[in-house]
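Numbering of residues begins at 1 and proceeds along the displayed sequence.
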Amino acid sequence: GDIPATIKMQGENNFSDSRMSLLAYYVPSSNLKPLKIFIPESQTTHIHALVSATDQKRLISTALFTGSGLTKLSSNIDLSTLDASIHITHIGSDFQSAIYAEVCKLEKQSLASIYIDLPICDIAAATAYLELEKLGFFFGSWLANFLNHQDILRLQKIYAPFNASKIICA
């Protein structure tokens, strides 16, 4: 992949006159012990299927916890594509207000999309996921061992209109 990481697809034709879909590729990795991940009940069947299909070991909890301390996040905008991303490193007790303020700030830029990387090894991740759904975000991909040997759920919110009849699948 790119260093630093991007969401551009390597080895694929990247056409500048159209919007490409994010394709999730899985690269196996070995785990010494199963990770505990926190996801909402609505996502357990899907995540369990992904975990099983990739022969990963995860302990899945659907418990809803509130974060502690302050939320830590950063964001950036790719001005060439009008895609923004928010990277969350800690889900605090202020998550609802912190993420709302960040999304509102980004939405003023007339974006095509916003991607959020949610650390699902954080005990408050299931609660945060539900808050993000209220803001219009939905599941994009599961990124196993993506950052610091922890799993990430990438959620997305699409603002750009699209014509479903023009979507071409490989």
Side-chain angles (χ1 to χ4, degrees), residues 1-10 12 14 19-29 31 35-40 42-43 46-47 50-51 54 56 58 60-160:
D2 287 346
I3 298 176
T6 69
I7 60 172
K8 292 184 171 51
M9 295 181 286
Q10 295 298 317
E12 301 289 332
N14 286 299
R19 174 172 285 307
M20 302 299 283
S21 296
L22 176 64
L23 298 177
Y25 290 94
Y26 180 75
V27 178
S29 59
N31 294 324
L35 290 177
K36 187 165 189 178
I37 59 174
F38 299 86
I39 57 174
S42 63
Q43 296 299 313
H46 186 191
I47 296 298
L50 292 171
V51 167
T54 57
Q56 295 287 302
R58 297 295 184 270
I60 298 175
S61 173
T62 58
L64 299 174
F65 295 104
T66 301
S68 62
L70 296 176
T71 298
K72 295 179 184 170
L73 57 80
S74 60
S75 64
N76 63 42
I77 299 173
D78 181 337
L79 294 175
S80 67
T81 62
L82 294 177
D83 294 318
S85 60
I86 300 173
H87 177 72
I88 301 166
T89 56
H90 177 73
I91 302 166
S93 58
D94 66 336
F95 181 78
Q96 185 179 16
S97 61
I99 197 67
Y100 181 77
E102 193 67 20
V103 169
C104 286
K105 180 178 80 174
L106 292 172
E107 285 181 330
K108 292 178 183 176
Q109 305 298 316
S110 300
L111 299 170
S113 64
I114 298 176
Y115 298 98
I116 296 182
D117 288 349
L118 182 67
I120 57 174
C121 292
D122 189 306
I123 196 169
T127 304
Y129 187 101
L130 296 174
E131 289 299 325
L132 292 168
E133 276 189 330
K134 290 176 188 174
L135 294 176
F137 287 87
F138 56 93
F139 179 88
S141 60
W142 167 55
L143 305 170
N145 290 304
F146 185 70
L147 184 65
N148 299 326
H149 304 289
Q150 295 197 12
D151 291 2
I152 300 292
L153 278 187
R154 180 163 288 165
L155 287 84
Q156 58 191 349
K157 186 174 183 180
I158 308 298
Y159 299 94

Which heavy atom of [X] sits nearest a heavy atom of [Y], and at what distance?
| X | Y | answer |
| --- | --- | --- |
| P119 | A125 | O-CB, 3.5 Å |
| D151 | C121 | N-SG, 3.7 Å |
| D117 | I152 | CB-CG2, 3.5 Å |
| A124 | I91 | CB-CG2, 3.7 Å |
| A126 | A63 | CB-O, 3.7 Å |
| S113 | I158 | CB-CD1, 3.8 Å |

Knowing that exactly one of I123, I120, L118, T127 qualifies, which makes a side-chain contact (heavy atoms from CB on, under 4.5 Å) with F38? I123
For I116, run the side-chain contact (heavy atoms from CB on, under 4.5 Å) check against L153, I88, L73 and tell me which one passes.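 The option that passes is I88.
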[Y] and [X], any side-chain heavy atoms less than 4.5 Å apart:
| X | Y | value |
| --- | --- | --- |
| V51 | W142 | yes |
| H90 | D122 | yes |
| F139 | Y129 | yes |
| L35 | N145 | yes |
| I114 | I86 | yes |

Throw together a table of side-chain donor-acceptor distances under 3.5 angstrom for residues 131-138, partners on residues two or more places apart or in other chains.
{"unit_1": "E131", "atom_1": "OE1", "unit_2": "Q96", "atom_2": "NE2", "d": "3.3"}
{"unit_1": "E131", "atom_1": "OE2", "unit_2": "K134", "atom_2": "NZ", "d": "3.3"}

Would you give the length of the straight line joining atom [atom1] of [X] to atom [atom2] of [Y], rounded to the nearest 0.5 angstrom?
| X | Y | atom1 | atom2 | answer |
| --- | --- | --- | --- | --- |
| L111 | L82 | CG | CG | 6.5 Å |
| Q156 | S85 | CD | OG | 13.0 Å |
| L70 | D94 | CG | CG | 5.0 Å |
| K72 | H87 | NZ | NE2 | 11.5 Å |
| Q109 | E107 | CD | CD | 11.0 Å |
| K105 | I77 | NZ | CD1 | 8.0 Å |

